[in-house]
Structures are given as C-alpha cells and as structure tokens.
Amino acid sequence: MTRKEQINLYLKERNIPITSLEANSIIEGIKWADEHPNPNTIKKIFKFALEKTNFLIADNLESIDWGVLIKKAMEE
C-alpha cells in the first residue's frame, strides 16, 4: 500500500472528505511528520533490528520487510 493510499484509507475510515479543510490539515501534518522523523523512534527501530533480527546479514536493503520490522519494533 502506498503512503497516499494509507492516507486516503485513514480519511475514509473517519468519514473525512478528501477535499475538506480538515483533510488538508491532516495531510499536511502527515507530510511534515514523514519529513521529520523522531530520532528516538529511529534509535528504537535500529536497536530492535540489531538485537532481535539478522538485519546485519541481509544481502541488500530491498530484501528487508521494513513495514514488519518497524511494526514489531514499535510493539516492544
């Protein structure tokens, strides 16, 4: 699922019209958050990857399921 699809689904689940001022505010907030990740979140993800996965032996970065990795790190 693309980021745009995720945002549209979020708005749809909350019955927020895509053309509304509220939707625009939410979209702008999401864009800002995507461009300014929290350093503590990044540290948490890498700590999890280093301690609980075989991240360091991956052949390439495309072989890593980042969505699953991030979700599991955030659950800890």
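Only this structure's heavy atoms are used, side chains among them; waters, hydrogens and symmetry mates stay out.
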Could you check if a side-chain atom of I26 sits within less than 4.5 angstrom of a side-chain atom of I7, using non-hydrogen atoms only?
no
If I take atom CD from residue E22 and atom CG from residue N15, how far apart are they, to the nearest 0.5 angstrom?
10.5 Å
I30 CD1 to E35 CD distance, which is reported to the nearest 0.5 Å:
12.0 Å
May I ask you to decide if F48's main-chain N or O and K72's side chain share a donor-acceptor pair within less than 3.5 Å?
no
Hey, what do you get for CG (N8) to NZ (K12), rounding to the nearest 0.5 Å?
9.5 Å
What's the separation between atom CG in N24 and atom CD1 in I16, rounded to the nearest 0.5 Å?
12.0 Å
When rounded to the nearest 0.5 angstrom, what is the spacing between CG in D65 and CD1 in I70?
9.5 Å
Check E76 with K47, please: is the shortest side-chain N to carboxylate O separation under 4.0 Å?
no
Value rounded to 0.5 Å, distance of CD1 in I27 from NZ in K4:
9.0 Å
Establish whether M74 and L50 are linked, either directly or via other cluster members, by ILVMFWY side-chain heavy-atom contacts under 4.5 Å.
yes
Work out which heavy atom in I18 is nearest to a heavy atom in A23; give both atom names and the distance.
O-CB, 3.5 Å
